[in-house]
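Okay, so here's the structure we're looking at.
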Amino acid sequence: MRAALEAFDRKIGWNRVGILVSLAVIVIAAVVLTHTLRGIDFHQVFVALRGYSLHEVLLSFAFVVFGYFTLTMYDVFALHTIGRTDVPYHVAALAGFTSYAVGHNVGASAFTGGAVRYRIYSGYGLSAIEVAKLCFIAGFTFWLGNAAVLGLGIAWAPEAASAINQVPPWVNRVLAVVILAALVTYVGWVWRTHRVIGRRNWEVSLPSGRLTLVQILIGIVDLGCCAAAMYMLVPEEPYIGFVTVAVIFVSATLLGFASHSPGGLGVFDAAMLVALWEYDKEKLLAGLLLFRVLYYLVPFAVALLVLGGRELWLSFGGKAAARTKKGAERPGAGAPAGAEAEDRGLG
C-alpha cells in the first residue's frame with residue numbers, strides 16, 4: 001500500500017488531486033447555484049433586506065464579534081502549546097483576527113492566513129517553523145470543533161446532513177457515531193501519555209487530554225457563534241430548529257473550504273439554498289447576502305485597516321526610532337550647547 005501511494009504521488013501527485021477536487025466542487029456549485037437562482041425576483045431580495053430590523057442585524061453582528069473573539073483563542077491556545085507563553089494576548093489577538101479575516105475572504109486560508117501570522121509574529125521572535133507549528137495547532141483546533149459539532153449535530157438531526165449529501169438519514173447517523181468514536185479515541189490516546197508528532201525541527205507536542213477538551217470547546221463555541229449569526233438572519237417561517245440550521249451551516253462551510261474559493265463564494269451559498277429549500281428563496285438569499293457583509297466584508301475591511309495602519313506605524317515609527325538612536329550615538333549628542341562650547345574652549 002505504501003509503495004502504491006508513493007508511486008501515485010510521483011506520477012500524478014496529491015496536489016493535482018486536491019486542485020481537481022476543488023475545481024469539481026466549484027463547477028458543481030456553479031451549476032446548482034445557476035439552476036437555483038433561476039426565476040429569482042431580485043427586487044424581492046432587496047425588499048427582504050430592508051425588512052430586517054436593527055435588532056436582528058445587531059444581534060447577528062454580536063455573534064460575529066464573539067465568534068472572532070473566539071478565533072483569537074485559537075492563537076492563544078496554539079502559542080501555549082508550542083511553549084511561547086511570552087507573547088502577549090494583544091499580539092495573539094491581532095494575528096488571530098487579521099489572519100482569519102484575510103484568509104476567509106482571499107481563500108486558501110492555510111497560506112494567506114499563515115503569511116499574515118508570520119508577518120506579525122516574526123516581529124516578536126517567532127521563527128517560520130514556530131509559526132508553522134502554531135498554524136497547525138490552530139487548524140487542528142478548528143477541525144476538532146467541526147468533528148464535535150457535526151458528530152453531535154448529525155446524531156441529533158441526521159436529516160439535516162441528508163439535505164446536503166443526499167444520503168439516507170440512518171447512514172448519516174452511523175457516520176456521526178463513527179466521527180464521535182474517532183474523537184473519543186483521539187482524546188483517550190492523548191490522555192494516556194505525552195504525544196509528539198513530526199520529526200526533528202518539525203516536532204509538535206500535542207495537547208494533553210484535558211487541554212484537548214479545552215481545544216474542542218473553543219472550536220464548538222466558534223462554530224456555534226457563526227451558526228447563531230446565520231440563524232438570526234434566516235426567515236422566521238417556516239420554523240426550523242437551530243441544530244438543523246447549524247448542521248447545514250457547518251456542512252456548507254466545509255464545502256466552501258474544500259473549494260478554496262474566496263469565502264466559499266458560490267459553494268456555500270448553493271449548499272445553503274439547496275439544503276434549506278423550505279424557506280422562501282428571496283428571503284433566504286437576502287439573509288445570506290447580509291451574513292456575508294457582517295461575517296466576511298466588515299471584518300475584512302477592519303483587518304485591512306489595522307494591518308495597513310500597523311505597517312505605516314512600523315515604517316515611519318521605525319525610521320524615527322532609528323534617527324533618534326543614531327543621534328544619541330553621536331559624540332556630544334544630547335549635551336547642552338554651552339557645555340559643547342566650553343569643552344571646545346578648554347581644548
Minimum-distance pair of heavy atoms, taken over all atoms of [X] and [Y]:
X	Y	value
V64	L294	CG1-O, 3.6 Å
P158	P169	CB-O, 3.3 Å
V45	A286	O-CB, 3.7 Å
A176	A155	CB-N, 3.5 Å
C135	G114	SG-CA, 3.9 Å
A271	L255	CB-CD1, 4.1 Å

Side chains of [X] and [Y]: does their closest heavy-atom pair fall under 4.5 Å?
X	Y	value
F268	T253	yes
F142	L223	yes
E237	D280	no
L213	W191	yes
V221	M73	no
P168	V171	yes
W143	L254	yes
F77	P207	yes

Measure from the side-chain N and O atoms of [X] to the backbone N and O of [Y], and report whether any donor-acceptor pair falls under 3.5 Å.
X	Y	answer
S99	G96	yes
Y68	Y295	yes
T212	Q215	no
K133	E203	yes
T185	A181	yes

[Y] reachable from [X] in the ILVMFWY side-chain graph, under 4.5 Å edges:
X	Y	value
L94	V102	yes
M232	V245	no
V306	Y121	yes
V167	V177	no
I220	V184	no

I need the [X] [atom1] to [Y] [atom2] distance, nearest 0.5 Å.
X	Y	atom1	atom2	result
Y239	T244	OH	OG1	8.5 Å
T98	I120	OG1	CD1	3.5 Å
L285	Q44	CG	CD	12.0 Å
L290	E56	CG	CD	9.5 Å
S60	Y52	OG	OH	9.0 Å
L71	C226	CG	SG	6.5 Å

Over 60° means perpendicular and under 30° means parallel, so classify the ring planes of F136 and F140, tilted if in between.
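Parallel: the ring planes of F140 and F136 meet at under 30°.
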
Please say which of L217, I216, I218 ends up in a side chain to side chain contact (heavy atoms under 4.5 Å, CB included) with T141.
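Result: among L217, I216, I218, I218 is the only option passing the side chain to side chain contact (heavy atoms under 4.5 Å, CB included) with T141.
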
Positive for side chain to side chain contact (heavy atoms under 4.5 Å, CB included) with R292, one of N105, D269, V298:
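Exactly one candidate clears the test, D269.
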
Apply side-chain contact (heavy atoms from CB on, under 4.5 Å) to residues V196 and V204 and explain how you reach the verdict.
CA-CA 6 Å; V196 179; V204 178; over 6 Å; no

Evaluate side-chain contact (heavy atoms from CB on, under 4.5 Å) for L233 paired with L288, printing each intermediate quantity in order.
CA-CA 8 Å; L233 301 176; L288 291 172; over 6 Å; no

Taking the six-membered ring for Trp, are the ring centroids of F242 and F249 within less than 6.0 Å of each other?
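Aromatic pair excluded; centres sit 6.0 Å or further apart.
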
May I ask you to check whether Y231 and F63 place their ring centers less than 6.0 Å from one another?
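No, the ring centres sit 6.0 Å or more apart.
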
List for me each residue that meets side chain to side chain donor-acceptor pair (under 3.5 Å) alongside S205, sequence neighbours excluded, and say none if there are none.
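H194.
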
Which residues pass the side chain to side chain donor-acceptor pair (under 3.5 Å) test with E311, not counting sequence neighbours?
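With sequence neighbours excluded, E311 shows a side chain to side chain donor-acceptor pair (under 3.5 Å) to R119, given in chain and number order.
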
T72 and Y100: side-chain donor and acceptor closer than 3.5 Å?
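Y100 and T72 do not have a side-chain donor-acceptor pair below 3.5 Å.
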
Under 3.5 Å, is there a donor-acceptor pair linking the side chains of D222 and Y74?
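Short answer, yes.
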
Should the heavy atoms of other residues, nucleotides or ligands under 6.0 Å from [atom1] of [X] be counted, would the total exceed 12?
X	atom1	answer
E236	CD	no
Y89	OH	yes
F66	CZ	no

Inter- and intrachain pairs under salt bridge (Lys or Arg N to Asp or Glu O under 4.0 Å), touching residues 67-87, at least two apart:
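As it turns out, the salt bridge (Lys or Arg N to Asp or Glu O under 4.0 Å) pairs with a partner in residues 67-87, which skip direct neighbours, are D75-R117, R84-D86, R84-E130.
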
Using the rule given for side-chain contact (heavy atoms from CB on, under 4.5 Å), can you reason through T81 versus L211, listing the C-alpha separation, both sets of side-chain angles and the distance that settles it, and then say yes or no?
CA-CA 9 Å; T81 301; L211 288 178; 5.8 Å; no

Steps toward side-chain contact (heavy atoms from CB on, under 4.5 Å) verdict (I248, I240)
CA-CA 11 Å; I248 292 173; I240 298 179; over 6 Å; no

